Amino acid sequence: MVELSPSILSCNFSRLQEDLDQTKNTRVKMIHIDVMDGLFVPNISFGFKIISDIRCGNDLFFDTHLMIERPERYIEEFKKAGSDRITFHYEATDDVNKVIDLISQNNMEVGLTLKPKTDPSLLLPYLKDIDLILVMSVEPGFGGQSFMEDSIERIRFFRKYIDNNNLATKIQVDGGIKTNNVKKVIDAGCDEIVSGSDIFAKDDIRGQIEKYYEIFES
Ligand code: DX5
Ligand code: ZN
């Protein structure tokens, strides 16, 4: 079953918990938490305090996407704040294996991701050691951008490698996903769908979530 990971970047932070309450009694099991440092990407979002503040009121899997330089510096803090999975960027560290080990040692799932222009074959050696590969379908940094069509090719590329090598690694896609294009990323082989502005920037958050799950079932 495909899962939805709504991105809280598109929430209204002045009433973050009210927006998150709209995920309650829906089929959503996880939320996507985008951390940006203003160096790896040109934008700054939020840090540990927001994550630990929402941890107590939300019984969801915290899918944390780090868009920060040298993520190895902060893995323990994200664990303490309440993250369940850390996805970090291949381009953000000199030692990918070290970051994978650190995340595992802190009992979190490991995700690895790449910017749209990075050669996907560079990440293949790591797929056996991670839980999730995230295909960025926009340049990381901002919500509300348009889906890059060439992402479909990268999703297919990872799907083929994972299946050919009998791996259990999941594929997630992030950026520009809407109810009208989600079907094609599922058909290309995605297991998890991140969607921000098409959920939390909508008036009917609950209704949007339901629409996604109806498409997943169709
Ligand atoms: C972008 C972030 C995304 C963002 C997606 O750098 O990684 O998770 O919140 O937002 P939408 O779905 O609006 O493209
Ligand atoms: Zn993200």
Side-chain angles (χ1 to χ4, degrees), residues 2-13 16 19-20 22-23 28 30-47 50-51 54 60-69 71 74 78 81 83-92 103 108-118 130-152 154-155 170-186 190-205 208-209 211-213 215-216:
V2 178
E3 294 295 345
L4 183 65
S5 193
S7 170
I8 68 167
L9 193 63
S10 291
C11 288
N12 181 335
F13 289 124
L16 179 54
D19 282 359
L20 289 174
Q22 298 298 312
T23 66
V28 162
M30 66 178 89
I31 47 171
H32 186 82
I33 298 174
D34 287 306
V35 178
M36 304 179 185
D37 67 353
L39 286 170
F40 183 73
V41 289
N43 198 6
I44 299 178
S45 57
F46 51 78
I50 294 272
I51 300 176
I54 59 171
L60 293 160
F61 183 88
F62 277 15
D63 167 35
T64 311
H65 175 193
L66 299 188
M67 284 159 273
I68 66 172
E69 289 287 353
Y74 291 115
F78 282 106
S83 292
D84 295 297
R85 177 167 64 212
I86 300 282
T87 298
F88 68 98
H89 273 266
Y90 171 83
E91 307 88 351
I103 299 170
M108 291 180 285
E109 285 191 17
V110 183
L112 181 62
T113 185
L114 68 168
K115 289 180 171 182
K117 292 191 184 78
T118 299
I130 60 176
D131 298 287
L132 178 116
I133 178 88
L134 164 58
V135 175
M136 286 305 298
S137 42
V138 295
E139 282 296 338
F142 299 92
Q145 302 179 75
S146 299
F147 178 79
M148 296 167 75
E149 291 296 332
D150 59 6
S151 317
I152 295 284
R154 288 192 294 281
I155 295 165
K170 288 182 190 147
I171 304 176
Q172 186 182 62
V173 64
D174 180 11
I177 299 293
K178 314 263 177 236
T179 49
N180 64 14
N181 64 11
V182 69
K183 188 80 178 106
K184 65 182 173 195
V185 294
I186 296 171
C190 279
D191 303 288
E192 289 184 13
I193 308 295
V194 177
S195 179
S197 50
D198 199 40
I199 294 182
F200 285 119
K202 295 277 184 173
D203 289 335
D204 184 8
I205 294 171
Q208 280 299 109
I209 290 171
K211 271 190 207 161
Y212 273 92
Y213 276 93
I215 297 167
F216 297 169

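Atoms within a ligand are numbered from 1 in the order they appear, just like the ligands themselves. The first residue of the sequence shown is numbered 1, and numbering continues consecutively from there. All of these numbers come straight from a predicted model, not from anything done at the bench.
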Asks: May I ask you to list the atoms of ligand 1 that are less than 4.0 angstrom from any heavy atom of Pro140?
Replies: 6 (O)
Asks: Given side chains that start at C-beta, do those of Phe216 and Glu3 come closer than 4.5 Å, heavy atoms only?
Replies: no
Asks: What is the number of protein N, O or S atoms that sit under 2.8 Å away from the Zn ion (ligand 2)?
Replies: 4
Asks: Looking only at protein heavy atoms, which one is nearest to atom 5 (C) of ligand 1, and what is the separation?
Replies: Asp174 OD1, 3.5 Å
Asks: Return the residue, atom name and 0.1 Å-rounded distance of the protein heavy atom closest to atom 13 (O) of ligand 1.
Replies: Ser197 OG, 2.5 Å
Asks: Which residue and non-hydrogen atom of the protein lie closest to atom 12 (O) of ligand 1, and at what distance in Å?
Replies: Gly196 N, 2.8 Å
Asks: Does Val182 reach the side chain of Leu4, with side-chain heavy atoms less than 4.5 Å apart?
Replies: no
Asks: Report yes if some heavy atom in the side chain of Leu66 is under 4.5 Å from a heavy atom in the side chain of Ile86; otherwise report no.
Replies: yes
Asks: Show the atoms of ligand 1 that are less than 4.0 angstrom away from any heavy atom in His65.
Replies: 7 (O)
Asks: List the closest protein heavy-atom neighbour of atom 14 (O) of ligand 1: residue, atom name, distance to the nearest 0.1 Å.
Replies: Gly176 N, 2.8 Å
Asks: Can you tell which of Gly144, Ser7, Gly143 gets a heavy atom nearest to atom 9 (O) of ligand 1?
Replies: Ser7
Asks: Without hydrogens or angle criteria, can the side chains of Ser151 and Ser137 be said to hold a donor-acceptor pair below 3.5 Å?
Replies: no
Asks: With a cut-off of 6.0 Å (strictly less than), are more than 12 heavy atoms of other residues, nucleotides or ligands near CZ of Phe62?
Replies: yes
Asks: Under 4.0 Å from any heavy atom of Ser195, which atoms of ligand 1 are there?
Replies: 12 (O)
Asks: With heavy-atom distances below 4.5 Å as the criterion, would you say the side chains of Leu112 and Phe88 are in contact?
Replies: yes
Asks: Would you indicate whether the side-chain heavy atoms of Ile152 and Phe147 approach each other to under 4.5 Å?
Replies: yes
Asks: Apply the test side chain to side chain contact (heavy atoms under 4.5 Å, CB included) to residues Leu114 and Met136: give CA-CA distance (whole Å), side-chain angles for both, the deciding distance (0.1 Å), then the verdict.
Replies: CA-CA 6 Å; Leu114 68 168; Met136 286 305 298; over 6 Å; no
Asks: Under 4.0 Å from a heavy atom of Leu9: give me the atoms of ligand 1 that qualify, with their elements.
Replies: 9 (O)
Asks: Can you find a non-hydrogen atom of Asp198 under 4.0 Å from ligand 1?
Replies: no
Asks: With sequence neighbours excluded, what pairs up with Asp131 under the side-chain contact (heavy atoms from CB on, under 4.5 Å) test?
Replies: Glu109, Val110
Asks: With Asp63, which residues qualify under salt bridge (charged side-chain N to carboxylate O under 4.0 Å, His left out), at least two apart?
Replies: Arg85
Asks: Going by the order shown, which atoms of ligand 1 are within less than 4.0 Å of some heavy atom of His32?
Replies: 8 (O)
Asks: Starting from atom 1 (C) of ligand 1, what is the nearest protein heavy atom, named by residue and atom, and what distance separates them?
Replies: Phe142 O, 3.5 Å
Asks: Consider every N or O of Ile177 and every N or O of ligand 1, then say whether any pair is closer than 3.5 Å.
Replies: no
Asks: For Val194 and ligand 1, does the shortest N/O to N/O distance drop below 3.5 Å?
Replies: no
Asks: Would you say Asp34 has any N or O atom under 3.5 Å from an N or O of ligand 1, going by distance alone?
Replies: yes
Asks: For the pair Phe13 and Phe46, name the ring-plane relationship: parallel under 30°, tilted 30 to 60°, perpendicular over 60°.
Replies: perpendicular
Asks: Do the side chains of Phe142 and Leu9 get nearer than 4.5 Å, heavy atoms only?
Replies: no
Asks: Using side-chain heavy atoms (C-beta onward) and a distance below 4.5 Å, is Met30 in contact with Glu192?
Replies: yes
Asks: Which is closest to atom 6 (O) of ligand 1 by heavy-atom distance: Gly141, Ser10, Ser5?
Replies: Gly141
Asks: Are more than 12 heavy atoms from other residues, nucleotides or ligands located less than 6.0 Å from atom NZ of Lys170?
Replies: no
Asks: With Glu139, which residues qualify under salt bridge (charged side-chain N to carboxylate O under 4.0 Å, His left out), at least two apart?
Replies: Lys117
Asks: Considering only heavy atoms of Gly175, which atoms of ligand 1 have at least one such atom less than 4.0 Å away?
Replies: 14 (O)
Asks: Would one find an N or O of Gln145, backbone or side chain, under 3.5 Å from an N or O of ligand 1?
Replies: no
Asks: Under a heavy-atom criterion of less than 4.0 Å, does Met67 contact ligand 1?
Replies: yes
